[in-house]
Amino acid sequence: MEEGSGAPPQALFEAMDTYIGEQAAKGVFLDGGGLFGTEDAVNFVVRKGETSRVDGPYAEAKEVVGGFAILQYDTLEEAIAGQAEFAELHAKYWPECSMVATLRQISEAPPEAADA
């Protein structure tokens, strides 16, 4: 979502509480939460074998991750429907918000190492 969008309206908090409660009751919602802005963030950047620390705020940051949720569905179709419902809550209760709700699968196995 866009950095500096301000706090979501109370109606969205209430709708999210209901949605998360329903998903938890079905055993779908596993964990989640909101994230603070980037003003106190710390990044470690790795480039060409060197690591450097970069403290916020980040003038170049226009969009940031505002929160996360870990949900477990039986099918991809159910996951897509759940993600659409989540995004629709934001459109309905916070229409002035610009955001992207990204659906990604959690890997259950380590990635294969790249040849060096």
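Below, each value reflects all heavy atoms present in this structure, side chains not excepted, and no hydrogens, waters or symmetry copies. We're numbering straight along the sequence, starting at 1.
- Pairing each heavy atom of F29 with each of A24, the nearest pair is CB-N, 3.7 Å.
- Counting only residues at least two apart or on different chains, no salt bridge (Lys or Arg N to Asp or Glu O under 4.0 Å) pair has a member in residues 85-95.
- Pairing each heavy atom of R47 with each of V45, the nearest pair is NH1-CG1, 3.4 Å.
- Considering L30, T18, V28 as possible partners of Q23, the one that fulfils the side chain to side chain contact (heavy atoms under 4.5 Å, CB included) test is V28.
- Between the side chain of Q83 and the backbone N or O of T102, at least one donor-acceptor pair lies under 3.5 Å.
- For the pair V42 and R53, the minimum side-chain heavy-atom distance is below 4.5 Å.
- Within a 6.0 Å radius of CG in D74, no more than 12 heavy atoms belonging to other residues, nucleotides or ligands are found.
- Counting all heavy atoms, side chain and backbone alike, W94 lies closest to L12 at CE3-CD2, 3.7 Å.
- No side-chain heavy atom of S52 sits under 4.5 Å from any side-chain heavy atom of F44.
- Here CD of Q72 is found 10.5 Å from CD of Q105. Values are rounded to the nearest 0.5 Å.
- Closest approach of Y93 to A11, counting heavy atoms only: CD2-CB, 3.7 Å.
- Residue Y73 is tested with L76, L71, T75 for a side chain to side chain contact (heavy atoms under 4.5 Å, CB included); the sole match is L71.
- We find the CD1-CZ distance between I20 and F13 to be 10.5 Å, quoted to the nearest 0.5 Å.
- Under the 4.5 Å side-chain contact rule for hydrophobic residues, F68 and I106 share a cluster.
- Around the CD atom of E96, the shell of radius 6.0 Å holds more than 12 heavy atoms that belong to other residues, nucleotides or ligands.
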